[in-house]
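Notes to accompany the following structure.
Per chain, numbering begins at 1; letters A, B, ... match sequence-line order.
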Amino acid sequence: MEKVYNSKKIEEKWCKYWVDNKTFSAKVDKNKKPFSVVIPPANVTGSLHIGHALNTTLQDIVMRFKKMQGYNTLWVPGTDHGGIATQNVVEKLLKKEGKTKYDLGREKFLEKMWQWRKDVGNTILDQLKMIGCSLDWDRAIFTMDENYSKTVKKAFVQLFKEGLIYRSKRLINWCFRCGTALSDTEVEYENEKSSLWYIKYPVKDSSHYVVVATTRPETIFGDVAVAVNPMDERYTHLVGKILEVPLINREVRVISDYVVDKSFGTGAVKITPAHDATDSEIAKRNNLETKEVINISGKMINVPNKYIGLSIEEARKETVEDLEKAGFLIKTQEYFHSVGKCYRCSTKIESLMSEQWFLNVKEISKNAIAAVNDGKIVFYPNSWTKPYVSWLENLRDWCLSRQIWWGHRIPVYYCVNEEGNRIACTPIASLGKPEKCPYCGGKNFVQDEDVLDTWFSSALWPISVFDWGEDENNEDLRYFYPTSVLITAHDILYLWVARMVQFGLKFKQEIPFRATFIHGLVRDKYGLKMSKSVGNTINPLEIVEKYGADALRFALAQAAAPGKDIQVSGELFLAARNFSNKIWNASRFIIMNLDGVDNFDENIEPVELVDEWILEELANTFTKVESAYESYNIDTAAREIYDFFWTKYCDWYIEFSKIRIISTDVKVKKQVVLILVHILRSTLQLLSPIMPFVTSEIWQILSKNSKIIAESVFFKPYCSGKNGVNAAIEKVKIIQDIIMKIRALRSEMNISPAVDITALFSVLDDDKEKIARENKNYIKRLAKISSIEFGRDITAPKNSAMTIASGFEIFLPLEGFIDISKEKVRLAKEITIAQQELERTTLKLRDEAFIKKAPKTEIEKIRVRLSDAALKIEKINKNLEFLK
RNA sequence: GGGCAGUUAGCUCAGCUGGAAGAGCAUUUCCCUUACAAGGAAGAGGUCGCAGGUUCAAGUCCUGCACUGCCCACCA
């Protein structure tokens, strides 16, 4: 074995092994309980980023843990076609060639898209293999695979036939750059500097006017009213009066509506129903017409000639100038407000009127809320429940159609005449092209040009991966559905998670996953969102290259406190890399000492106190780690294992064990080696979900000495810890205390380990003497002293250093090595600390309320502390006297 | 405007049902001790955001405030 852990070599080997051997492929097995998870499908736009790494690591940890517990685990991989996002990527490539998608035409462009998908679509899956994800690769699915399409079409047609999908012209979110409508959830809001213009609206046949504040002066051409709050006394007398819209002299009425905020601007708002969601609501309530002034190309329409065809920005500039010239502009104010942006390209979103396909979400939302209220869906952490419910409660109908080419084409067909022109006939939703129109008997059809929101197909993910489109009641679906848990980041709670619940309940009458674990986002060391443009991204593959996949996984796992975003920097991974090396080397030490041990599966027999101790610690660790895994507290699990392995097993037990390791008595050596191996193997198991590579490698090496060779670390039945026995732990604390006190003394007195020292132990407690005597050799070795003499009322030898350990006054005779003045200073410092302790505890015990109300055990603890401090002071004082 | 988190060592973060403040990194000193210098030993470093309250006892529970972040909202 190499002295330094070579992650690269070993990880490559195991990656290949797991994939080649289909280690993680799962089939229906009625004798075993299923544990199934579907991966959040990554877009085929690019490669693995640190967020994916976190997400898949957490999932893999859960999967591997469940596998060890004996579940029939299935983790389904896949990728998403990523509608707009992916189309944008390919459009950008075209742009480099100086072309647009229109130069190619729909068919050619789609060919290009598919080529892209073929070239890079599996990159991410390959990278997931590299970080050890235990996915069932044979089941890898893509949201535009043929079978997947079947599910999508079937779902659409069903919703259509039930009347839940309908076509309507209404206010939608439009991205001019992407050239498509977006759902409400696809708009992100950002605060932006803008202006607030105050504009006069003259009252008809009067010299009075109403001042309206607006951020959208160019939309005054679409004004159909001015609204005030019914309770606003400034305007009560004007309600119902006629105003003249500046520049066009349109007559509009002053109306009152409760949503108008008296305190905003002037308390009067212009109503433009065609380009503002609130205005649209007000217009509906007040039966106002809708006047569109911006079309989907972002150009002005239905406006005075001089403005026609202008862009929004141009029109705004012109309008403001004209208003100012005509004396309608009162003032302009700098103003910050949040502006809707396209979540894929950050272009400003415009609200405008457009005919689109919508899904009525009323009923499916109600069911999705009920699933949470009935406890069928549980969020970890629970704080996500409220946002989830409130999102569903306020949900507006889902705009499903997208005016792009890449995606599932909407399975709606229109009858056309011989010339190919649509004829007025009810559109038909159908899995394939209809043969004959049931309404008009026509036989010629054209399919709807639009595609579905990519999230429509994503919402069907848990049923699609099990082929619901082909057979609604197939064996996989019956066995693996509902899936066991969904593990995902919180940024797609609404876009994806809530919709899967809606659709799962709708199409399968059952929730898609029993539990939902929502983790945080990965941020940089300053807490900023990682983005390519800022240049603060951490590439997980570089981490793998540099530190290994295990290190990447451990670092992320350890940092992933439920529900919290995590900040990462290079150092985080360095520490994890060092941990994998520590595991490697501790194992190496044990493997070096396997001579004569040819069977690990003999019963292990603890013969020494330290053996009992480490077994108790192991049992405690098992209990803690197991429940941490079970409750998705992955970070706790990682930390517990780290602490046990490094500070208990390596720093103490292995050091203790060396006495017997170097023993010439084969039997003695064998006994301790068996325990060392047992602890190591147990830890490897505990750790294997988080660090599968290094643990598998060592497990395999060790398995050569085992009669019940397990194929892989995670296939061994999980052993669990006995609990609550801590007798040896308490005793070993005494040994450790003695050792640490002597070490501290040596260190402070600068005594080299080469110096031979006989320590004098002046006994203060008989029970502790017994323990120390029995473990004398361990104390000697770890504290690096040559011999120990026990005695009672020992007076300090000349020129010695002293310390108080649990149950002993310890003297180190250091004639010739010790600086007496230095020792005096040290003891004086010790005594000050002890005196403070004495004061604190004395006061506490004098507190009547404390004595009266605190539990007996607590009082006893304080008493012990007091007497310890008193004893310490007495002994140190005595020694100080002596040093004089 | 509403909601949810967070505020603990120089940095990144743990601290469960309240009983003497923890880890990793960084830092200081010593040590290449035959698993590991990617290591070992010892140390230094915190009035646990602020102000009240409950309690014998509060980092831990309650209230208010401040700051930071996130989400939601009909920010004209």
Side-chain angles (χ1 to χ4, degrees), chain A residues 1 3-5 189 191 196 212-216 219 227 257-261 264-272 276-282 335-339 381 383-384 386-387 390-391 394 490-491 493-494 520-521 523 525 527 547 555 558-559 561 563-572 574-593 624 633 635-636 639 642-643 647 650-651 654-655 658 662 740 743-748 750-754 781-782 784 837 840-841 844 847-855 857-859 861-862 865:
Chain A
M1 285 173 87
K3 195 169 169 182
V4 171
Y5 175 57
Y189 291 87
N191 260 339
L196 194 57
V212 161
T214 182
T215 54
R216 301 292 308 274
T219 63
D257 193 284
Y258 67 93
V259 303
V260 179
D261 178 359
F264 186 93
T266 60
V269 55
K270 67 189 210 59
I271 302 300
T272 320
D276 183 279
T278 314
D279 291 4
S280 169
E281 296 291 321
I282 294 175
Y335 180 60
F336 282 86
H337 69 143
S338 81
V339 175
S383 54
W384 287 107
K386 257 169 87 173
S390 84
W391 184 78
N394 299 307
H490 60 68
D491 56 344
L493 180 65
Y494 309 131
L521 303 173
R523 298 174 178 281
K525 62 191 290 193
Y547 302 123
Q558 168 271 114
K564 276 192 196 164
D565 288 353
I566 64 177
Q567 288 182 224
V568 300
S569 62
E571 293 117 48
L572 193 73
L574 187 74
R577 189 277 311 263
N578 292 351
F579 185 44
S580 39
N581 190 235
K582 188 74 179 177
I583 295 160
W584 180 254
N585 275 294
S587 307
R588 199 160 64 89
F589 171 73
I590 288 150
I591 290 161
M592 278 165 56
N593 286 292
K624 282 188 227 163
N633 289 297
D635 60 324
T636 307
R639 268 189 269 264
Y642 182 97
D643 179 62
T647 68
C650 292
D651 289 349
I654 289 183
E655 293 308 320
K658 283 177 180 171
I662 58 177
M740 288 191 291
R743 280 173 175 171
L745 207 51
R746 294 189 71 126
S747 176
E748 276 167 66
N750 258 325
I751 309 301
S752 132
R781 185 180 168 97
L782 269 64
K784 300 200 191 311
E837 170 77 347
R840 261 202 310 268
T841 47
K844 193 112 202 191
D847 182 352
E848 278 177 42
F850 175 71
I851 299 295
K852 224 161 113 186
K853 298 199 175 171
T857 51
E858 209 46 47
I859 297 167
K861 263 195 219 163
I862 303 290
R865 277 168 57 189

Rounded off to whole Å, could you give me the [atom1]-to-[atom2] distance for the [X] and [N] pair?
| X | N | atom1 | atom2 | value |
| --- | --- | --- | --- | --- |
| A/Tyr642 | B/A14 | OH | C1' | 13 Å |
| A/Tyr547 | B/C25 | OH | C1' | 12 Å |
| A/Ile654 | B/G39 | CD1 | P | 15 Å |

Considering only [options], which nucleotide approaches the side chain of [X] most closely?
| X | options | value |
| --- | --- | --- |
| A/Lys784 | B/U33, B/C70, B/A38 | B/U33 |
| A/Val259 | B/A41, B/C71, B/C74 | B/C74 |
| A/Glu571 | B/C25, B/A38, B/A76 | B/C25 |
| A/Lys564 | B/G6, B/C70, B/A42 | B/G6 |
| A/Met592 | B/A42, B/G24, B/A35 | B/A35 |
| A/His337 | B/C56, B/A76, B/C36 | B/A76 |
| A/Ser383 | B/A76, B/C4, B/A20 | B/C4 |
| A/Pro855 | B/A35, B/A38, B/G19 | B/G19 |
| A/Gln567 | B/C56, B/C13, B/C36 | B/C13 |

For the [atom1] atoms, the ones on [N] and on [M], what distance do you get once it is rounded to whole angstrom?
| N | M | atom1 | value |
| --- | --- | --- | --- |
| B/C50 | B/U68 | C1' | 15 Å |
| B/U17 | B/C36 | P | 43 Å |
| B/G43 | B/C4 | P | 45 Å |
| B/G46 | B/G64 | C1' | 25 Å |
| B/G2 | B/U8 | P | 26 Å |
| B/C32 | B/A37 | P | 13 Å |
| B/G1 | B/C65 | P | 13 Å |
| B/G24 | B/A41 | P | 10 Å |

Which ranges of RNA chain B pair up as stems, where a stem means three or more consecutive Watson-Crick or G-U pairs with both distances under 3.5 Å?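 The stems are B:1-7 with B:66-72, B:10-13 with B:22-25, B:27-31 with B:39-43, B:49-53 with B:61-65.
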Would you say a side-chain N or O of [X] is under 4.0 Å from OP1 or OP2 of [N]?
| X | N | answer |
| --- | --- | --- |
| A/Asn578 | B/G24 | no |
| A/Gln558 | B/A14 | no |
| A/Lys3 | B/C36 | yes |
| A/Lys844 | B/G19 | no |
| A/His490 | B/C70 | no |
| A/Lys386 | B/C71 | no |

side-chain contact (heavy atoms from CB on, under 4.5 Å) partner of A/Tyr547, chosen from A/Asn581, A/Asn578, A/Leu574: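 Among A/Asn581, A/Asn578, A/Leu574, the one meeting side-chain contact (heavy atoms from CB on, under 4.5 Å) with A/Tyr547 is A/Leu574.
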Using a 4.0 Å heavy-atom cut-off, does [X] contact any base of the nucleic acid, only the sugar-phosphate backbone, or nothing at all?
| X | answer |
| --- | --- |
| A/Lys852 | nothing |
| A/Glu281 | nothing |
| A/Ala586 | base |
| A/Ser390 | nothing |
| A/Arg840 | nothing |
| A/Met1 | nothing |

One pair to check against side chain to side chain contact (heavy atoms under 4.5 Å, CB included): A/Gln567 and A/Leu572. What are the steps and the verdict? CA-CA 9 Å; A/Gln567 288 182 224; A/Leu572 193 73; over 6 Å; no
Would you call the rings of A/Tyr5 and A/Trp584 parallel, tilted or perpendicular, taking 30° and 60° as the class edges? tilted
Over 60° means perpendicular and under 30° means parallel, so tell me whether A/Tyr335 and A/Phe264 are parallel, tilted or perpendicular.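 A/Tyr335 and A/Phe264: perpendicular rings.
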Cation over ring face, A/Lys658 and A/Phe589, 6.0 Å, 45°: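 Cation-pi check for A/Lys658 and A/Phe589: passes.
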Decide yes or no, distance alone: a donor-acceptor N/O pair under 3.5 angstrom between the base of B/A14 and the side-chain of A/Arg639.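 Answer is no: no donor-acceptor pair is held.
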Report yes or no: is there a donor-acceptor pair, N or O only, under 3.5 Å between the side chain of A/Arg577 and the base of B/A38? yes
Should A/Asp635 and A/Arg639 count as an ion pair when the cut-off is N to O under 4.0 Å? yes
Residue met sooner reading RNA chain B from 5', once A/Ala559 and A/Thr841 are mapped to nucleotides: A/Ala559
Which sits closer to the 5' end of RNA chain B, A/Arg743 or A/Asp643, going by the nucleotide each is nearest to? A/Asp643
